Amino acid sequence: MLSAFEHTSVLLEESIEALNIQPSGVYIDGTDGGGGHSFEIASRLRGGRLIALDRDPEAIEAAGRRLAQFKCVTIVQTNFSQMKSVLSDLGIAAADGILLDLGASSHQFDTPERGFSYQSDALLDMRMSKQGMTAAELVNSAPFEELARIFREYGEERFAARIASLIVRQREQKPIETTFELSELIKRAIPAAARRQGPHPARRVFQALRIAVNGELDELGALLDDALGLLNEHGRLAVITFHSLEDRMVKQRFVQWARGCTCPPDFPVCVCGKTPQAAILYKRGIEAPEEEQQQNPRSRSARLRAVEKQAAPQPPDTRVRLGRAAYAFFAVRS
Ligand SMILES: C[S@@+](CC[C@H](N)C(=O)[O-])C[C@H]1O[C@@H](n2cnc3c(N)ncnc32)[C@H](O)[C@@H]1O
Ligand SMILES: [Zn+2]
């Protein structure tokens, strides 16, 4: 018997609004977790369908119970990067809305034996899918340069090299197996003055390892590559991010879709003919309201971004663009 699945959905109302749910539409929740967002989507459907994905078998189990009353829901245990093949297997051509609520669930963080948290002692695991390489295996086998890169890039940890170096020395004596062993080591590697400032000293490294173990940025990149192709015209993609790396990826991709034309800025006319593929719904994204942030600390780092897919591209736009080169041309002639 599994314990209750504890997870408070973040930006619930806002993300449901962003999806602009049509009762007969097809929706995909790529990160089903405890089924909180999925429940709200499913309860708005009349004749529509919801496909709910998660890579974590415990989430699938919990979502099965939470969503059992809805006949319109299909739950699939898989990575969201596989969304295209899931839709094709189900014979669905495209969806009207896709939701991603990224990162780990509170259930994952708060179940000590999943090994995500530096706050309880357990085997250093961190695998959402419970398959593949654990965080302990990564920490005990990756070369120094790789560990330092992971801590620097995924954790934005300024003492990345010091921590990686201490890990490499330590594991020659004895492998690092538990969350507390790693967290103690991180504390030893960080200078005392820095250790006393800011959040828990292990926070950044644990985040970095979790991202690496679960290939989180690769998953997000792959989904963003496919997302527009999976949506119907005017379909929406809503993404809730929890740290700057994933937020930047989403923002940059949305800006690229909204810009359309990829010609260099000094071209007087557009020669690529690419028109905007999507419209950005909230320029700066949406943060959780003050009240939600007070009730649910996890929501403090959350940001919701959303786009709407535009209608099929028109023939190439050859209108003169008054860019820098055009002004220069007119200036020389006059
Ligand atoms: C923040 S929780 C989602 C919570 C959910 N929206 C709710 O309201 O209950 C994130 C979930 O996404 C899953 N997940 C993260 N990355 C995934 C991926 N690449 N593919 C499939 N599931 C993923 C995790 O296992 C976790 O259960
Ligand atoms: Zn162009």
Side-chain angles (χ1 to χ4, degrees), residues 4-16 19 27-42 50-67 75-83 86 98-111 114 116 126-132 210-211 213-224 226 238-243 246 256 259-277 288 296 298-299 301-302 304 313-321 323:
F5 194 104
E6 299 287 345
H7 179 88
T8 307
S9 300
V10 169
L11 283 159
L12 186 56
E13 239 176 77
E14 295 79 359
S15 48
I16 296 300
L19 288 172
Y27 294 86
I28 311 168
D29 183 345
T31 51
D32 197 38
H37 287 93
S38 277
F39 187 95
E40 293 301 320
I41 298 172
L50 170 65
I51 319 302
L53 317 179
D54 204 293
R55 52 169 35 168
D56 184 340
E58 290 180 13
I60 292 293
E61 178 93 32
R65 288 192 299 263
R66 180 99 188 256
L67 305 170
I75 301 174
V76 184
Q77 184 183 338
T78 188
N79 287 359
F80 60 61
S81 58
Q82 301 306 306
M83 205 175 274
V86 171
I98 299 174
L99 173 68
L100 294 182
D101 175 15
L102 295 171
S105 65
S106 305
H107 174 80
Q108 288 164 334
F109 280 125
D110 300 340
T111 306
R114 301 297 302 266
F116 281 94
M126 296 196 188
R127 296 167 305 166
M128 291 179 181
S129 64
K130 295 187 156 186
Q131 283 174 354
R210 195 201 79 214
I211 292 173
V213 164
N214 295 290
E216 291 181 32
L217 300 181
D218 290 343
E219 277 288 308
L220 179 57
L223 187 278
L224 291 170
D226 287 346
V239 187
I240 304 172
T241 64
F242 288 88
H243 56 78
E246 54 193 20
Q256 188 186 320
R259 190 173 47 224
C261 167
T262 51
C263 298
D266 56 352
F267 271 31
V269 294
C270 169
V271 293
C272 77
K274 292 181 189 155
T275 54
Q277 296 169 280
N296 180 10
R298 221 181 88 77
S299 70
S301 50
L304 167 70
Q314 300 301 306
D317 179 2
T318 49
R319 282 172 303 176
V320 172
R321 292 190 318 177

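This is a predicted model, so every value here is computed, not measured. Atoms within a ligand are numbered from 1 in the order they appear, just like the ligands themselves.
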Going by heavy atoms in the side chains, are [X] and [Y] under 4.5 Å from each other?
| X | Y | value |
| --- | --- | --- |
| I240 | L100 | no |
| L217 | E246 | yes |
| E58 | K130 | yes |
| Q256 | Q277 | no |

* Between T31 and D101: side-chain donor-acceptor atoms closer than 3.5 Å -> no
To the nearest 0.5 Å, tell me how far [X] [atom1] sits from [Y] [atom2].
| X | Y | atom1 | atom2 | answer |
| --- | --- | --- | --- | --- |
| R55 | E219 | CZ | CD | 5.0 Å |
| I60 | Q77 | CD1 | CD | 5.5 Å |
| L223 | I98 | CG | CD1 | 6.5 Å |
| H37 | L99 | NE2 | CG | 5.5 Å |

Short list, please: which atoms of ligand 1 are under 4.0 Å from a heavy atom of [X]?
| X | answer |
| --- | --- |
| G35 | 9 (O) |
| D56 | 25 (O) |
| A104 | 1 (C) |
| G36 | 7 (C), 8 (O), 9 (O) |
| G34 | 9 (O) |
| G30 | 21 (C), 22 (N) |
| L102 | 1 (C) |
| D32 | 5 (C), 7 (C), 9 (O) |

* To do: Just to the nearest 10 degrees, tell me the angle at the Zn ion (ligand 2) spanned by C263 SG and C272 SG.
  => 110°
* Per atom 3 (C) of ligand 1, closest listed option by heavy atom (L99, T31, L53) ->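 When every heavy atom of L99, T31, L53 is considered, T31 comes closest to atom 3 (C) of ligand 1.
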* Asked: Should one rank D54, L100, L223 by closest heavy-atom distance to atom 24 (C) of ligand 1, which comes out on top?
  -> D54
Considering only the protein, which heavy-atom contact is closest to [atom], and what is its distance?
| atom | result |
| --- | --- |
| atom 8 (O) of ligand 1 | S9 OG, 2.5 Å |
| atom 15 (C) of ligand 1 | M128 SD, 3.3 Å |
| atom 1 (C) of ligand 1 | R298 NH2, 3.3 Å |
| atom 19 (N) of ligand 1 | E219 OE1, 2.8 Å |
| atom 23 (C) of ligand 1 | R55 CG, 3.5 Å |

* **Note: R127-D56 ion pair, threshold 4.0 Å (strictly below)** => no
Can you tell me if [X] has a non-hydrogen atom under 4.0 Å from ligand 1?
| X | value |
| --- | --- |
| E216 | no |
| Q77 | no |
| D29 | no |
| T78 | yes |
| N79 | yes |

* **R298 NZ/CZ over F242 ring centroid, <6.0 Å and within 45° of normal** => yes
* Please name the residue in the list L53, L67, I28, I51 that meets the side-chain contact (heavy atoms from CB on, under 4.5 Å) test with S38. => L67
* E13, CD: over 12 other non-hydrogen atoms inside 6.0 angstrom -> no
* What residues, two or more places apart in sequence or in another chain, satisfy ring pair (Phe, Tyr, Trp, His ring centres under 6.0 Å) together with F109? -> none
Say whether [X], considering both its backbone and side-chain N or O atoms, lies within less than 3.5 Å of an N or O atom on ligand 1.
| X | result |
| --- | --- |
| F80 | yes |
| S105 | no |
| H7 | no |

